[in-house]
Amino acid sequence: MAGQTNHELSLFSAEELEFIAEDETVDIVPNLKMGPLNFISGDFGPFTPQIVTQVPLWLAIALKKRGKCSIRPPQWMSVEKLTQVFEAERESQEMSDQLPFHYVEISRLLFDHARDNIPDVHMVRPLIEDIRNLRFHKVQTDLEAFNGRTIAVKIKNLSAMEVNIVRPFIGRALQAFYKHDSPELIPDPERVSDRRPQDVNNAPRRQLRR
Amino acid sequence: MAKYYDIDDIIMEEEAVLSIFKKAASGVGIDPSSEIDFIETGSKVELPFWLAHELKLRQAVSVNVPSCFNEKTRSEIQADSAGVDLRSRCPFFYEFGCKIAPIVDDRKIGILLLSAFKSRYKEILTKAHTVAFAAGSKFWTILTKEEINLYETARSAMASFKKWRMGGPRFQIASVLGKKRKSTA
């Protein structure tokens, strides 16, 4: 029962998520010549000026801070692609799958450290904000329609940060619903008549909320 | 049994419940102001829930529906659950209802709880995630303890996310190091 009162329990902190996101690879254009770097997670190839190299994000940011490279924004971060994603999000209730899992964290890191490397940064930033708000609203509307029979919730293509925010809330809400809608509390005849149309439905046995 | 040590549970079970004694009980002085120390059959007494529950199991009392589930509350809930001030009626509305339902002869409590919770849950969902604290505080005062739990969870998650988004230094100097050290002579 201790977990019930501790609100932070099942939450990654945002900084932890950011740390995990830094493992993603990005392209950089180094402006120095350096031999290969050997790390535990891998070897990152010899750096030659003006040749595009793939490195993990944490390394890219470290190099950028020392002024040794410039970061190329990832594919999905161009204005056209983001506008496209935005339109797609607006149209359908499903989440678009065009954005990578960690897009919130990656975009924040790049805005903080590599602002000059992003073309049209004053347009990209609001676009990403809008996309994020839109997706979050969709999550909320999905969550509104719980009831006691919901055993699991299935929302596709959520990003890491969005999942992290709603994770404890969903757990508690599901628990509360399960408790209140349990069969002992509600008399039997009502339940039986409810269940029959569901069987006819051919729905999957475990009811997953889409 | 898992709730035996739960503080919320203990407090909740203190709620008074009106019960009618079916048998006479001697040697008990529930009402301190009465002269006699036994209770006659058919007398109505306010007992705490834990006591009423035990006595019901022994068939010694019959329990009436407590006041927080009366008709007035029910009609208010049906009209607009989100605005009903459940906290002043009973801060453990849902828990209490769950416990009461088996021992009171009223089948409708479960449904009442469920419908109330469902609509209030929607309100909690939207308000917790979006509204700034000052505007939301009026809503907060009418929630029961369990609902506040949910609300707090969502709100603190949202707040920490916003704080992270603001940016700021990744590492912060520990406050101990901030003070200047006096050189000891």
Side-chain angles (χ1 to χ4, degrees), chain A residues 1-2 4-19 104-105 107-109 111-113 129 132-133 136-137 139-148 161-162 164-177 179-191, chain B residues 2-9 93-95 97-102 106-130 144-171:
Chain A
M1 278 296 152
Q4 289 291 325
T5 42
N6 186 359
H7 304 294
E8 310 285 316
L9 197 60
S10 51
L11 199 62
F12 281 114
S13 81
E15 288 86 5
E16 287 167 359
L17 267 189
E18 193 181 40
F19 189 70
V104 182
E105 298 90 303
S107 58
R108 197 197 86 111
L109 281 170
F111 286 139
D112 277 350
H113 300 287
E129 286 290 309
R132 201 174 53 77
N133 281 334
F136 199 65
H137 270 281
V139 169
Q140 285 194 314
T141 41
D142 264 347
L143 291 186
E144 264 177 21
F146 272 2
N147 60 15
M161 192 52 93
E162 290 156 5
N164 192 43
I165 293 179
V166 296
R167 185 185 299 128
F169 183 78
I170 290 186
R172 298 250 179 105
L174 275 178
Q175 233 175 355
F177 265 108
K179 199 172 61 162
H180 293 307
D181 207 0
S182 67
E184 308 101 50
L185 227 42
I186 310 220
D188 273 327
E190 307 230 350
R191 283 253 144 171
Chain B
K3 295 222 163 171
Y4 192 68
Y5 291 109
D6 187 16
I7 294 270
D8 285 339
D9 210 55
F93 193 70
Y94 300 105
E95 284 285 336
C98 290
K99 294 254 163 107
I100 280 279
D106 189 346
R107 309 240 117 211
K108 306 227 193 66
I109 288 191
I111 309 179
L112 171 75
L113 286 183
L114 182 63
S115 64
F117 186 63
K118 250 204 224 171
S119 28
R120 286 166 78 92
Y121 160 75
K122 286 194 191 134
E123 285 292 314
I124 297 181
L125 180 64
T126 46
K127 291 230 167 84
H129 279 137
T130 49
T144 68
K145 283 265 162 62
E146 307 102 349
E147 289 168 342
I148 285 192
N149 233 346
L150 265 181
Y151 184 78
E152 257 312 299
T153 322
R155 214 179 52 76
S156 62
M158 211 46 195
S160 57
F161 169 67
K162 288 215 160 87
K163 186 160 156 259
W164 169 75
R165 210 159 60 86
M166 287 298 144
R170 284 273 282 273
F171 301 107

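All chains are named by letter (A, B, ...) in the order of the sequence lines, taking the proteins before the strands, and each is independently numbered beginning at 1. Given the structure is predicted, the values throughout are model-derived calculations rather than measurements.
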### Message
Between A:Phe111 and chain B, with a heavy-atom cut-off of 4.5 Å, which part of the residue counts as in contact: side chain, backbone, both or neither?
### Response
neither
### Query
How many angstroms lie between atom CZ of A:Arg172 and atom OH of B:Tyr151, to the nearest 0.5 angstrom?
15.0 Å
### Summary
Tightest non-hydrogen contact, residues A:Pro168 and B:Thr153, listed as CB-CG2, 3.3 Å
#### Entry: Side-chain touch B:Trp164/A:Glu105, heavy atoms, less than 4.5 angstrom
yes
### Query
Looking at side-chain heavy atoms only, is the closest gap between B:Arg165 and A:Glu129 below 4.5 Å?
yes
